[in-house]
Structures are given as structure tokens and as C-alpha cells.
Amino acid sequence: MAPRVVVIGLASDFGCQVQMTNIEDHLLDVLGLIDLTYWQLASSGHLPAEYDVAIVEGAVTTEAHVEALRRVRETAGAVIAVGACAITGGIPAIASAGELADRYGCVYGEGGAEVACGRIAPMPVTAVIDVDYRVPGCPLDTDEFLRVLSRALQGLSGRIPEEPLCAACKTRENICFHDRGELCLGLVTRTGCGAKCVSLGRACTGCRGIAADANLDAAYALLASRGIPAEEFTRRLSLYNTLEEGCDR
Amino acid sequence: MFFRVMDKARIADLVRGLSTEYEVIGPVAKGERFTFSVIEDPADLRLDFDTTILPPKKFFFPPEERMMRFRVADNEVVDDEAFASPRVLFGLHPCDINALLLMDNVFLGEFEDPYYKAYRDATLLVGVSCSPRETCFCNAWDTDEVHWGFDIFLTDLGDRYFVSVRSVMGAELLDRHVETSPITAEDTAEFQAVVREFKRAFPAKLDTSQLPLLLDAKFDDPVWDELGERCLSCGACSMVCPTCYCFDVRDDLDPDQRSGERKRVWDSCQFSEFSAVAHGQTFRESRASRVKYRYYHKQWGYLSKFERVLCVGCGRCTHACLADISPREVVTALVEGSEAR
Ligand code: SF4
Ligand code: SF4
Ligand code: SF4
Ligand code: SF4
């Protein structure tokens with residue numbers, strides 16, 4: 001029997017799900033191997049009671065999300081978290097810095113707190129349940145997604161690169177942003193995107209999260225010695241990494 | 001070896017001529033830096049370059065290389081051919097030629113690597129003289145000179161090149177594609193003057209006295225901890241190094257899961273995963289031990305096997321390292337003691 005797969009979206013802009021539809025070249029190959037029983041973006045049905053693989057996009061921002069995730073974990077044999085929101089809290093997690101209640105008003109106007117009932121401070125999927133596979137990035141990289149999905153279907157381990165981006169950036173022979181006195185977050189960001197942005201001339205914004213191998217202490221120190229104060233580095237990191245450990249100096 | 005002189009303006013003839021038979025690769029500008037790239041127009045060739053971002057190793061041992069394709073159903077290898085089309089690599093400095101010779105010890109030694117060999121056999125090398133930048137320290141390892149390992153070597157005499165021809169193939173190509181003349185005593189004297197000037201232009205020579213012995217004696221020196229605190233574990237140093245040859249091997253299935261490919265990608269000993277083995281043990285957990293290992297391998301391990309250090313003093317790692325960790329600093333710390341830095 002083909003594995004039954006569901007795609008679930010929590011708080012996000014559905015960008016990763018849109019990316020999944022962009023895998024035109026290979027979508028049919030993949031669909032031929034799985035029984036896609038529910039895809040929030042592309043179908044109007046309901047989440048079935050049973051499935052084998054759950055692909056979860058988005059950050060956790062309500063109590064209902066927490067409940068839903070616990071059920072997903074009990075039901076699915078394998079859970080794949082996709083995108084920055086699900087893995088680091090991403091952009092939604094910026095709201096978790098400071099007093100949450102104060103923010104409702106700016107978004108919903110007066111009486112905002114009532115509209116926003118059941119909201120909790122945004123956090124990643126990975127803070128609520130254990131996940132078996134991760135596809136980081138904002139949005140996810142389609143090649144990496146296919147590789148990870150393939151590993152999930154084969155029951156292989158969920159390997160994710162642990163080192164910073166600079167090595168991949170060097171293999172693309174980019175001129176380092178820091179050589180021009182500009183801040184690039186690649187020096188602490190998890191690799192695996194092929195240094196896309198940097199190769200297209202834009203400094204890395206850290207969408208793949210902080211690499212497990214990253215040395216944040218050293219990065220803060222060397223940037224300070226190059227005239228980039230800690231607050232500026234923290235501010236730039238906060239786009240995707242507000243909740244990542246050590247990014248708050 | 002024999003020698004000729006060639007008018008500098010003739011380089012374009014040579015490149016154009018070679019292009020009829022080979023893919024010609026050489027240094028071209030990329031912003032304020034240089035890269036080895038395919039030469040479409042002889043005018044793009046910049047033999048006055050300083051150091052390329054990546055060394056020529058990328059043409060013999062690409063950053064990502066397919067080793068074979070396989071079928072899942074019967075576990076059969078379907079394609080593991082190593083193929084390389086003929087090409088000429090233009091503009092290698094002495095350090096880069098010496099680096100390839102060090103790579104050969106690894107890839108063409110006891111266990112011959114068919115992929116590297118195919119590329120190496122298909123490639124002719126044209127060296128060119130240089131002048132040291134402040135990060136260069138090839139003179140510390142005697143890799144500022146190169147006596148073999150190239151087909152042609154061009155020494156810049158201002159308006160002309162002093163051409164050293166090392167191989168039969170080099171002689172034939174020169175003969176076929178460009179006008180040169182016999183050298184005179186004056187040319188040789190000028191060549192010697194240029195070489196002397198080159199040697200004088202280096203910053204203070206790095207003291208490497210008793211380095212392997214000191215590496216043994218200072219295994220627990222606090223310098224390693226200091227370096228470990230500063231290192232970002234980014235691996236940039238290994239990527240840009242012409243003598244770093246470590247790779248990881250990965251199998252990826254095609255989307256239809258019926259076949260897949262095995263590839264190798266550049267790896268770095270500065271990553272924690274580099275020393276991870278089955279069931280999750282990692283032999284070099286600490287950053288300090290990883291930085292240390294890089295130097296022990298280059299300045300001790302390789303030396304004990306091949307009687308050369310695994311560094312040619314090109315300074316690429318010095319330039320690439322945001323944490324300002326350089327072989328010059330590390331060697332000085334060991335030789336002179338930590339206080340002297
Ligand atoms: S540009 Fe960014 S990713 Fe590239 S080497 Fe510099 S810091 Fe690293
Ligand atoms: S370069 Fe940085 S911001 Fe761009 S995709 Fe890669 S990790 Fe994300
Ligand atoms: S260790 Fe540094 S200086 Fe030595 S060969 Fe490698 S990149 Fe060049
Ligand atoms: S380039 Fe510098 S910071 Fe990066 S791994 Fe090498 S020594 Fe460490």
C-alpha cells in the first residue's frame with residue numbers, strides 16, 4: 001500500500017506549500033508513489049483519521065495548534081516539519097519578543113484581544129512535538145524537500161546539515177559580504193540551500209536557522225571588532241531566529 | 001626543459017590557437033577578486049591576477065561530483081564512467097602547481113582515483129610567474145619555485161615572457177600556435193633578476209624551525225583552545241585550500257525512487273559531523289580539537305608520509321577566514337611561543 005501522506009498548514013503564508021506545487025518536473029513521479037490523502041492548500045476535504053506521513057508547515061500560534069500537533073504526532077509514523085516557521089518559529093516568532101497582548105491592538109484594532117482569543121506566543125512545531133525530518137528555509141528548497149521526502153518514504157534517518165553556510169558560499173566563489181564591510185548571516189546560518197541568496201548578490205538573512213556547529217560567541221566578537229555592534233547583529237538575526245538560543249545579546 | 005621568449009602581445013594568439021583544440025581555462029576578474037574560468041575571449045585572461053578565490057583543484061576534484069548512478073531494484077551500477085574533455089589550464093602560480101603535485105600523492109598514489117586521474121590526464125598546465133601578496137608565504141615551504149609538474153611556464157619579463165617548456169606536448173603546442181624566439185644571454189640574465197626580485201619581495205620569512213617536533217611537544221598548548229574559541233567552524237579554509245582533499249559521499253534517490261546517484265562533495269575537518277561515526281559518536285567534539293587536527297594533518301601527518309607539508313603557502317585560507325586564523329599565526333605561535341604573537 002502506498003504511504004498515506006497529509007500536508008498540514010499552521011500559522012504561515014503557505015509559501016512552502018506553494019513551493020511544493022512548484023516541483024512540476026517531479027511532482028507526478030512523487031505523487032505516483034504516495035497516497036496524498038489531504039493537502040490543505042490544494043484540497044477542500046478534511047484531515048483523515050489515519051495517515052502515515054504528516055508534512056507540517058507553519059508556526060504554532062494557538063492552543064488549537066498545540067492540540068492538533070499532539071494528535072498528528074500520535075497518528076503519523078513520520079512527521080516532516082517544513083519551512084522556517086515550523087523549525088525556528090520564523091517570522092511569526094518575532095511576535096513572541098515582548099508582551100504579546102500589546103500586539104493584538106496593532107493588528108486588529110480595538111477589541112483585538114477578543115478576536116485573538118486562544119492565541120499563544122508563537123513557537124516552532126519542533127518546540128511542541130518531536131519531528132523526524134526537517135526541511136528548513138523560507139521558503140523550503142524543493143530539491144531538499146524531495147530528498148527528505150524520499151528519505152522519509154524509505155525510512156532512512158533524517159539527516160540535516162549542521163554547519164554554517166560559508167563553505168557552500170566559497171564553492172560558489174562569491175566575494176564575501178564582510179570583505180565589503182557588509183553583514184551577512186551566513187557565518188552562523190545552517191547550510192544546505194546552496195548559498196542561493198549570497199550567490200544572487202543578497203546577504204544571507206538566516207532563514208535556515210542557526211547551524212548546530214555555529215560559534216555565536218566568536219561571531220559576535222569578530223563582528224564587533226569589525227565595527228558591527230551586537231545589537232545590529234541581534235536585530236538582523238531576529239528576522240528568523242528570535243527564539244534560537246544565543247541570538248539575543 | 002628548453003627555453004624560448006615570447007612577446008607578451010602574442011598571448012592572445014596562443015589562447016586563440018589552443019581554443020581550436022582545447023577548452024582553455026584561466027584567471028578572469030570577478031569583482032575585485034579572480035576566479036579560474038573558461039576563457040571565451042582572450043582579452044578576459046588576466047595573467048596579472050593575484051590569487052583566485054578557489055584553487056585549480058576544482059577542475060580535478062569538483063566541489064560536487066557524480067561518481068555513479070545505480071538502480072534500486074537490483075542494486076546495479078549503471079554508469080560510473082569518469083570522463084574529461086581535453087583542456088588547458090592557464091595561469092597557475094608556483095604554489096598552485098606544487099599543490100597539484102601534493103594532491104597527486106593522494107589521488108594517484110597507492111589507491112588511484114579514476115575521476116581525478118581522468119581530469120588530470122586530460123589537462124595541460126601553463127604556469128605563470130607572480131609577485132607575493134602580504135598573505136603569501138610559499139617561500140616558507142619552498143613552494144615558491146616549481147621545477148616540474150607543468151607543460152609550459154611563463155615568467156614575466158615586462159614586455160615578454162621567458163618561456164620554460166617542460167613537456168613534449170608543451171613544445172608542440174607552442175610550436176603550432178604561437179611565434180617565439182630563441183633566448184639570448186640577456187634574456188637569461190633578466191630572468192634571473194626577476195627571480196631574485198621575486199624572492200626579495202616577500203614579507204619576513206616564516207620561521208618553521210622544528211615544526212613537526214613542536215607540534216608533538218605542544219599538543220596540549222593553550223594556543224589550541226584560544227583558536228578554538230575564535231573559530232566559526234565554517235569550513236571556508238578547507239574549501240579554498242588547494243591541498244585540502246577531504247570529501248563526503250552521499251547517495252540520493254531520484255524522485256521516482258527507482259534509481260539514484262552517488263556523489264562526493266567537498267568536506268571539512270572543521271565540521272563536527274566530519275568525525276561522526278555510526279551510532280552517533282563524534283571523535284572531535286570540541287572546536288579546539290578540530291582546528292588542531294587541521295594543522296596536525298597538514299604539518300605533521302602528511303609530512304610523515306610524503307616528506308612534504310600539506311600546505312603551499314598560498315594564503316587563501318588567511319583571506320577566507322573571518323576569524324583571522326592563519327597558518328602564519330599558528331606556526332608563529334608554536335615556534336615562538338604564545339606570548340610572541
Ligand atoms: S558572504 Fe556570507 S556566507 Fe559567504 S563567506 Fe561571507 S559570511 Fe559566509
Ligand atoms: S542564503 Fe540564507 S537567507 Fe538565503 S536561502 Fe540560504 S539560508 Fe536562507
Ligand atoms: S593551508 Fe592555507 S596557505 Fe596553506 S595551502 Fe591551504 S589555503 Fe594555502
Ligand atoms: S575559515 Fe577560519 S573560522 Fe572558518 S573553519 Fe577555518 S579557521 Fe575556522
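Protein chains get the first letters and strands the later ones, always in sequence-line order, with residue 1 at the start of each.
Of the atoms belonging to B/Glu64, not a single heavy atom falls under 4.5 Å from chain A. Neither the backbone nor the side chain of A/Asp217 comes within contact range of chain B; no heavy atoms are under 4.5 Å apart. For B/Cys237, no part sits under 4.5 Å from any heavy atom of chain A, backbone or side chain. Proximity to chain B involves both the backbone and the side chain of A/Asn174, based on heavy atoms less than 4.5 angstrom apart. Only the backbone of A/Ala214 comes within contact range of chain B, with heavy atoms under 4.5 Å apart. Contacts between B/Arg287 and chain A at a heavy-atom distance below 4.5 Å involve the side chain alone, from C-beta outward.
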I'd like a table of donor-acceptor pairs (distance under 3.5 Å, sequence neighbours excluded) in which one partner is a side-chain atom from residues 52-61 of chain B, with atom names and distances.
residue: B/Thr52; atom: OG1; partner: B/Leu54; partner atom: O; Å: 2.7
residue: B/Thr52; atom: OG1; partner: B/Arg316; partner atom: NH2; Å: 2.9
residue: B/Lys57; atom: NZ; partner: B/Ser238; partner atom: O; Å: 3.2
residue: B/Lys57; atom: NZ; partner: B/Met239; partner atom: O; Å: 3.4
residue: B/Lys57; atom: NZ; partner: B/Cys241; partner atom: O; Å: 2.7
residue: B/Lys57; atom: NZ; partner: B/Cys244; partner atom: O; Å: 2.9
residue: B/Lys58; atom: NZ; partner: A/Glu173; partner atom: OE2; Å: 2.4
residue: B/Lys58; atom: NZ; partner: B/Phe36; partner atom: O; Å: 2.7

Atom pairs and distances, donor-acceptor, side-chain atoms in residues 30-37 of chain A, under 3.5 Å, two or more places apart:
residue: A/Thr37; atom: OG1; partner: A/Val5; partner atom: O; Å: 3.4

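Donor-acceptor pairing under 3.5 Å is lacking for the side chains of A/Glu163 and B/Ser233.
Not one N or O on the side chain of B/Asp256 forms a donor-acceptor pair closer than 3.5 Å with the backbone of A/Asp29.
Residues B/Leu232 and A/Pro164 share a closest heavy-atom pair of O-CG, 3.7 Å.
Between chain A and the options B/Gly260, B/Gly31, B/Pro63, B/Ser272, the largest number of non-hydrogen pairs under 4.5 Å is found for B/Ser272.
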